[in-house]
Structure formats: C-alpha cells, structure tokens
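Have a look at the structure below, then the notes.
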Amino acid sequence: MPELPEVEQARRVLEHALDRRIVAVDDTDEWVCRPHPPGEIASVLVGGALTAAHRRGKTMWCDTRDPHGDEGPTLGVHLGMGGRIVVTDAEHDQAPRKPEWNRFTVRFDDGGELRLFDKRRLGRVRLDPDVDALGPDAEDITAAELRTRLGRSHAPLKARLLDQKVLSGVGNLLADETLWQARLSPSRPSDELDRTEVNRLHRNLERALQAAIANGGVHTGRIIEHRHPGATCPRCGAPMVHGTVGGRSTWWCEKEQR
DNA sequence: AACAATGTTCAGTC
DNA sequence: GGACTGAACATTGT
C-alpha cells in the first residue's frame, strides 16, 4: 500500500525503534539488502543504535550511532510495493503470522525487534541511500516549483507525477486520485498545462494527500473504488475509462478530465 | 493458468 | 547526452 501517506505512517512506527541498543541484525536476504553482502549492514549496526527516522517521498532512512557514540552511516528503508514496518516492544511480540516474510530484522537488547515485513520482497534496505536524487517531497512542493518541474517535459502528466525525481511520494493510486480531483487528463502533455491548471493540480494534490493521511491511506481516496471495469464517475456518472499511462494501470473520467 | 498488483530500475530507442 | 518507453525484477492473489 505504500505511497507517501503510508510511508509517513511507517516512519512514525520507526520512531519506536530509536535509541535502543542493537544486539543483532538479520541482513541475509541478498535481494532486499543489495548491493550489501550478508553481514555488512549488521557489522555497522550491531552495538550501536538508530537515532532519528526521516522520510522523503517514499524513502525512509535512519541516522545511526556506532558503539563509540559516533555518527554512523544512514540506514535506508523502502517499502516497495507492499512492505510494512513492524516494531515490537520487549517480550510482547504478537505471534508472527508469516515469519518468512520478514526480510530484514534488527534486534534490540530489550528483546524487541524492528522488521521489514514484505511478502512481495520488493522492499529494500541499504546503507546511505542517495536521497538527494529524489525531487521535493509532495507534501512540501510549492505550486511554483511544481510548474517549473512539469514545464520541463512533455511526457504525459501522470508519468511526471509518478517520477520520483520530479517530486517524491506520489504513487499510482494517489496520481489517479489527484488527477480526477483536479479534472485533468493523465495523458495531457506535462508542459502544456497553463498556470491555472498547475495551481488546480497543486491544490488538489495537497488536498488528496491531507485526506489520505487523515483517513489512513491512499486507498481511502474518492476515486479508488471506481477503478474497475463498469465503474462510473462518482461526480458525473460517465463511465470510467482505463488505459496505461506512464507504464501504469490508469483509470479516469474521460468526460471531466481534460 | 494467465494476468495484474499501491514500486523502482535498467536496457533500449529516438 | 537527455528524454522517454517498456520490460524486468520477486512474489502473491485473483
């Protein structure tokens, strides 16, 4: 489920893992921990602690402290398509339903654990991720900045919204929701939007983000339940149409979204 | 069984 | 080189 709102939620969970002494790390999933060989992440974390949890777009990272109290590398965590962060306290560990889906685990001296739980295995853990390659966080970007960045390309609007280098945090569902709210076609060439349209897009991006965070996830968006064959636009009743835009499955109201 | 899935990345093309 | 597209990636659910 992870788009910006879900990742922000996960980041807050991560905060429960801060300032606890690390006694063991399971980094043996070579796919999830690539390019680090097994044991490499463990060797820099064991004996130290996580000291802060940050997020930009869908990427999270923790600052670390080594056993001597000096600053260590950052620990990057990405949830991929369906990952979750689980942090357990002391002995009160829920019966782990599918332990084989724990792709990365940090154990603390109090017996609790931090886990990346990810059945699809598209999540990722790595040291010192390049967060500066990401565009501004979708929550912070200004209308002016959005206009500049959209104006640099005539790729389809939705493809630009999904490009994490343009702005970070928007995923497939949030893109469809925002475009529907803003009454803009996903396939409009990005650089053809006029100032009024970019402002409308920006306003509705803010609204959609705010609503998703308040309501517990992007799946609570108004258009999401209408992304299926036979569905109609909840505003005008016209049939929802489906296609591929920016390489992703896309649903929109052809009548209203221009 | 074939296909799609809320994400990223890499190879290939223009 | 930059911009853009589509397939690949690992796995599960329909």
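First the proteins, then the strands, lettered A, B, ... as listed; each starts at 1. Only this structure's heavy atoms are used, side chains among them; waters, hydrogens and symmetry mates stay out.
Here the C1' atom of nucleotide B:dT8 and the CG atom of A:Leu134 are 11 Å apart, to the nearest Å. The separation between A:Leu79 atom CG and B:dG7 atom C1' is 10 Å, rounded to whole Å. If you take NE2 of A:His228 and C1' of B:dT6, they are 17 Å apart, rounded to a whole angstrom.
Non-hydrogen atoms lying under 4.0 Å from DNA chain C are contributed by A:Ser153, A:His154, A:Ala155, A:Pro156, A:Arg160, all within residues 149-183 of chain A.
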Taking it one step at a time, do A:Arg115 and A:Val106 satisfy side chain to side chain contact (heavy atoms under 4.5 Å, CB included)? CA-CA 6 Å; A:Arg115 308 186 187 119; A:Val106 176; over 6 Å; no

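For A:Thr105, there are no side-chain hydrogen bond (donor to acceptor under 3.5 Å, both in side chains) partners two or more places apart in sequence or in a different chain. Listed by chain and residue number, A:Thr28 satisfy the side-chain hydrogen bond (donor to acceptor under 3.5 Å, both in side chains) test with A:Asp26 (two or more places apart in sequence, or in another chain). For the side chain to side chain contact (heavy atoms under 4.5 Å, CB included) test, residues two or more places apart in sequence or in another chain that qualify with A:Arg195 are A:Arg147, A:Asn199. For A:Arg12, the side chain to side chain contact (heavy atoms under 4.5 Å, CB included) partners are A:Glu8, not counting sequence neighbours. A search for side chain to side chain contact (heavy atoms under 4.5 Å, CB included) contacts involving A:Asp29 returns A:Trp31, A:Val32, A:Arg103, A:Arg121, not counting sequence neighbours. Evaluation of the side chain to side chain contact (heavy atoms under 4.5 Å, CB included) rule for A:Thr196 yields A:Asp194 as partners, not counting sequence neighbours.
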Just by protein heavy atoms under 4.0 Å, how would nucleotides 6-14 of chain C read 5' to 3' in B, S and -? ---SBBS--

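For C:dA7 and B:dC3, the P atoms lie 13 Å apart once the distance is rounded to whole Å. Across the P atoms, B:dA4 and C:dG6 are found 15 Å apart, a figure rounded to whole Å.
Listed by first and then second residue, the ring-ring contact (aromatic ring centres under 6.0 Å, His included) pairs that reach into residues 236-256 of chain A are A:His242-A:Trp251, sequence neighbours excluded. Among residue pairs with one or both ends in residues 160-198 of chain A, none qualify as ring-ring contact (aromatic ring centres under 6.0 Å, His included); sequence neighbours excluded. Here ring-ring contact (aromatic ring centres under 6.0 Å, His included) pairs that include residues 48-82 of chain A, with residues two or more places apart or in two chains, are A:His54-A:Trp61.
For DNA chain C, if you chain together Watson-Crick or G-U pairs that step i with j, i+1 with j-1 and so on, the runs of at least three with distances under 3.5 Å are B:2-5 with C:11-14, B:7-14 with C:2-9.
One finds a salt bridge joining A:Arg188 and A:Glu197 here, because a Lys/Arg side-chain nitrogen approaches an Asp/Glu carboxylate oxygen to under 4.0 Å.
Of the side-chain N and O atoms in A:Arg248, one or more sit less than 4.0 angstrom from OP1 or OP2 of B:dG7.
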